[in-house]
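Heads up: the structure comes next, in structure tokens.
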Amino acid sequence: QVQLVESGGGLVQAGGSLRLSCLASGRTFSSYAMGWFRQAPGKEREFVAGISRLGGSNIYANSVKGRFTISRDNAKNTVTLQINTLKPEDTAVYYCAAWNGPFASDNLASYDYWGQGTQVTVSS
């Protein structure tokens, strides 16, 4: 079992930055590949970024490449999403997720554990 708690969301102007964090419970954090997803009002949850369980590889949605950076610290049981050059279309609830596999994945169905989400609102 893994419990995930996100933090760092907020209201920011377009062009600004945010740093989202996800703290995982348990002593087996390094067994899980991690991902960030987001869900805007009236839309389906979509993949944003993923990172392998040891942090050696990561993948991004095309819409965020070059602006978002995912990283992890297995010693601190945390995964972070650095978001730069925010756009109004980035407004969404951002979710941290974990799946019991080695590779970064963009497949929502692969993920076993989810946090409650943190709201990111970008004003124009």
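Count residues from 1 along the sequence. All values below come from the heavy atoms of this structure, side chains included, with hydrogens, waters and symmetry mates left out.
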note = Shortest non-hydrogen pair, S17 vs N84, comes out as OG-OD1, 3.0 Å
ask   = Got a donor-acceptor contact below 3.5 angstrom from the T91 side chain to the V122 backbone?
value = yes
ask   = With respect to R38, which candidate in T118, V64, L81, V120 satisfies the side chain to side chain contact (heavy atoms under 4.5 Å, CB included) definition?
value = V64
Polar side-chain atom of E6 near backbone of G117 as donor-acceptor pair, under 3.5 Å = yes
note = Closest non-hydrogen atoms of S124 and A14, given as atom of the first, atom of the second and distance, are CA-CB, 4.3 Å
ask   = Do F37 and I59 belong together in a cluster built from hydrophobic side chains that touch within less than 4.5 Å?
value = yes
message = Looking at N77 and A24, would you say the former's side chain and the latter's main chain have a donor-acceptor pair under 3.5 Å?
response = yes
inquiry  = Distance to the ring centre below 6.0 angstrom and angle to the axis at most 45 degrees; does that hold for R53 and W99?
reply    = no
inquiry  = Tell me whether L18 shares a hydrophobic cluster with V48, the cluster being built from Ile, Leu, Val, Met, Phe, Trp, Tyr side chains joined at under 4.5 Å.
reply    = yes
task = Could you pull out all residues at least two apart from V93 that satisfy side-chain contact (heavy atoms from CB on, under 4.5 Å)?
result = Y95, Q119
key: Ring centres under 6.0 angstrom apart (Y60, F47)   = no
request  = Provide the full list of disulfide bond (SG atoms under 2.5 Å apart) pairs with a residue in residues 2-36, sequence neighbours left out, each pair given once.
outcome  = C22-C96
key: Cationic tip of R72 above Y32 ring, under 6.0 Å, 45° of axis   = no
Closest approach of L4 to A98 (non-hydrogen atoms, all atoms of both residues) = CD1-N, 3.8 Å
query = So, the side chain of D112 versus the backbone of N100: is there a donor-acceptor pair under 3.5 Å, distance only?
reply = yes
task = Answer yes if V12 and F68 sit in the same cluster of Ile, Leu, Val, Met, Phe, Trp and Tyr residues linked by side chain heavy atoms under 4.5 Å apart, and no otherwise.
result = yes
ask   = Checking S110 side chain against S105 main chain: does a donor-acceptor pair fall under 3.5 Å?
value = no
